[in-house]
Colleague: 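Would you mind keeping the following structure in view while I ask a few things?
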Amino acid sequence: MDSIALVCTASLLAGGIYWFVCMLGAAEQKGKRAVDLSGGSIDREQVQENYNEYWSFFRRPKEIEKAEKVPAFVDTFYNLVTDIYEWGWGQSFHFSPAIPGKSNLESTKIHEEMAVDLIGVKPGQKILDAGCGVGGPMRAIAAHSGCNVVGITINEYQVSRAKAHNKKAGLDKQCDVVCGNFLEMPFEDESFDGAYSIEATCHAPKLEDVYSEIFRVLKPGSLYVSYEWVTTELYRGEDPEHVDIIQGIERGDALPGLRSYSDIAETAKKVGFEVVKEKDLAKPPARPWWSRLKMGRLAYWRNHIVVMVLETLGVAPKGTIDVHEMLFKTADYLTRGGETGIFTPMHMILCRKPEKPQEA
């Protein structure tokens with residue numbers, strides 16, 4: 001009898017551990033299991049070193065000012081965080097307003113579909129996703145609009161993840177992904193019928209550079225919409241608390257420097273766009289976008305325990321604990337940014353590339 005009890009207890013314990021590690025804490029739309037966490041394209045033996053190098057970037061302020069250093073810095077960041085994002089958050093690496101009666105996944109999808117609705121494209125047309133990540137928005141937008149979507153991301157690991165997800169969703173004929181820098185895109189002039197960016201251009205050292213590239217590849221008369229990370233009119237640079245919050249967001253999200261909301265339209269006009277509409281989608285009556293972060297604090301702690309167990313056992317590479325802790329702290333800075341109203345991740349700008357003038 002004792003032997004049977006021992007076997008039953010061991011079985012329950014093993015089953016509990018499997019459930020805790022492999023199932024609990026997975027994102028709403030699973031794309032990654034905890035036991036498969038990696039450092040992206042970084043060799044597992046180099047994850048800790050690369051994490052240390054990432055933080056050293058902020059200890060050398062002059063490096064942040066060098067635009068040529070930023071792409072590699074952003075690429076390292078996404079190698080470190082992509083698996084954790086997919087496991088704990090989902091395949092769409094962005095925020096959305098909370099919608100009463102809708103799940104986080106449903107709210108996210110509605111937010112993504114709105115982007116393609118704004119640019120008014122037709123089924124079969126080709127549109128650009130500038131900074132596509134692992135392609136969560138791309139797949140929602142392709143399915144919703146019937147358009148062909150081409151995404152670009154600087155991270156090779158994200159390309160492979162996006163392609164795998166596209167195929168699994170049956171959208172690989174509609175969606176394509178290329179590895180490249182959206183500051184120097186490998187696309188021909190005037191080759192897209194529309195374009196969008198969802199919380200991606202914040203990684204550009206100069207917004208003018210990425211807007212110029214998007215302007216170049218758009219056909220005349222086409223529309224471009226972007227959801228931008230910015231400081232709002234409530235931000236005060238002389239307030240130490242405000243500065244601490246914004247710098248915390250920058251450090252934890254690989255940002256060379258957050259821009260002010262007032263700079264966005266001015267930059268768009270400078271590169272040749274006509275500004276059609278501009279609005280902070282986070283403002284009331286929109287429900288707080290950061291509520292998901294606050295409600296997820298218990299999940300963050302639970303997931304952190306999982307990460308510590310996996311790294312201790314050698315399943316996850318050394319450095320995974322540090323990366324997850326960084327993201328946990330960043331979630332707090334983002335929440336404070338939302339609660340104080342000094343930061344928004346969804347300042348929407350809708351632009352049009354002018355039609356070519358008629359020849360006399």
Side-chain angles (χ1 to χ4, degrees), residues 13-60 72-95 104 133-134 155-158 160-161 203 244-245 247-255 290 292-337:
L13 182 61
I17 292 173
Y18 174 81
W19 181 78
F20 189 80
V21 173
C22 299
M23 303 299 292
L24 195 62
E28 287 181 281
Q29 185 174 339
K30 295 174 187 173
K32 201 74 179 179
R33 298 183 309 158
V35 292
D36 295 325
L37 294 179
S38 72
S41 300
I42 299 171
D43 185 275
R44 63 179 290 116
E45 302 303 323
Q46 301 297 317
V47 170
Q48 184 71 66
E49 181 181 340
N50 274 261
Y51 171 79
N52 294 339
E53 288 178 0
Y54 172 82
W55 273 108
S56 70
F57 189 83
F58 289 102
R59 291 194 289 270
R60 301 191 300 271
F73 159 70
V74 174
D75 183 37
T76 295
F77 174 77
Y78 279 111
N79 272 321
L80 293 171
V81 306
T82 290
D83 278 353
I84 293 176
Y85 275 0
E86 275 202 61
W87 169 56
W89 190 261
Q91 296 173 23
S92 295
F93 298 175
H94 64 82
F95 297 102
N104 292 324
V134 298
N155 185 259
E156 186 71 54
Y157 182 66
Q158 289 190 336
S160 65
R161 294 296 298 159
H203 292 299
D244 179 58
I245 291 170
Q247 288 183 346
I249 293 172
E250 291 170 347
R251 289 192 300 268
D253 286 293
L255 307 180
W290 61 91
R292 186 178 177 187
L293 291 170
K294 293 190 74 172
M295 290 187 296
R297 288 188 68 83
L298 179 60
Y300 274 110
W301 280 112
R302 176 192 61 200
N303 290 358
H304 199 59
I305 293 171
V306 173
V307 168
M308 287 191 291
V309 170
L310 292 175
E311 183 175 319
T312 301
L313 294 176
V315 177
K318 186 176 181 182
T320 307
I321 293 173
D322 288 338
V323 175
H324 193 266
E325 185 174 5
M326 173 186 74
L327 297 179
F328 181 79
K329 290 178 179 178
T330 305
D332 185 58
Y333 283 115
L334 287 163
T335 300
R336 289 167 61 194

Colleague: Kindly compute the distance separating OH (Tyr333) from CD (Gln247), expressed to the nearest 0.5 Å.
Modeller: 9.0 Å
Colleague: Look up atom CG in Asn155 and atom CZ in Arg161, then write down how far apart they are to the nearest 0.5 Å.
Modeller: 11.5 Å
Colleague: Looking at every non-hydrogen atom in both residues, tell me the closest pair between Ile42 and Val47 and how far apart they are.
Modeller: CG2-N, 3.9 Å
Colleague: As an exercise, state the distance from CD of Glu45 to NZ of Lys318, rounded to the nearest 0.5 Å.
Modeller: 10.0 Å
Colleague: Using only atom types and a distance under 3.5 Å, with no angle test, would you say the side chain of Tyr300 pairs donor to acceptor with the backbone of Glu325?
Modeller: no
Colleague: Anything under 30° is parallel, anything over 60° is perpendicular, the rest tilted; go ahead and classify Tyr78 against His203.
Modeller: perpendicular
Colleague: Testing the basics here: between Gly39 and Pro317, what is the closest heavy-atom pair and its distance to 0.1 Å?
Modeller: N-CG, 4.3 Å
Colleague: Look at the aromatic rings of Phe73 and Phe57 and report parallel, tilted or perpendicular, splitting at 30° and 60°.
Modeller: parallel
Colleague: Within a strict 4.5 Å, meaning less than it, do heavy atoms of the Ile321 and His304 side chains meet?
Modeller: yes
Colleague: For the ring pair Phe328 and Trp301, is the centre-to-centre distance below 6.0 Å?
Modeller: yes
Colleague: To the nearest 0.5 Å, how far apart are CG in Asp253 and OG1 in Thr330?
Modeller: 5.5 Å
Colleague: Could you check Asp322 against Met326 for side-chain contact (heavy atoms from CB on, under 4.5 Å), going step by step and ending with a plain yes or no?
Modeller: CA-CA 6 Å; Asp322 288 338; Met326 173 186 74; over 6 Å; no
Colleague: When you compare the side chain of Arg251 with that of Trp55, does any pair of heavy atoms fall below 4.5 Å?
Modeller: yes
Colleague: Carefully, step by step, assess Val134 and Glu86 under the rule side-chain contact (heavy atoms from CB on, under 4.5 Å).
Modeller: CA-CA 9 Å; Val134 298; Glu86 275 202 61; 3.7 Å; yes
Colleague: Between atom CD of Gln158 and atom OG1 of Thr82, what is the distance when rounded to the nearest 0.5 Å?
Modeller: 3.5 Å
Colleague: Could you measure the distance from the OG atom of Ser41 to the CG atom of Asn50? Nearest 0.5 Å is fine.
Modeller: 10.5 Å
Colleague: Are Trp87 and Val306 side-chain neighbours, meaning at least one heavy-atom pair lies under 4.5 Å?
Modeller: yes
Colleague: Could you walk me through whether Tyr51 and Thr320 satisfy the side-chain contact (heavy atoms from CB on, under 4.5 Å) test, starting with their C-alpha distance in whole Å, then the side-chain angles of each, then the deciding distance to 0.1 Å, before giving a yes or no?
Modeller: CA-CA 9 Å; Tyr51 171 79; Thr320 307; over 6 Å; no
Colleague: So, does Tyr157 use its side chain to make a donor-acceptor pair with the main chain of Asp83 at under 3.5 Å?
Modeller: no
Colleague: Checking side-chain contact (heavy atoms from CB on, under 4.5 Å) for the pair Trp290/Arg336: CA distance, chi angles, key distance, verdict?
Modeller: CA-CA 9 Å; Trp290 61 91; Arg336 289 167 61 194; over 6 Å; no
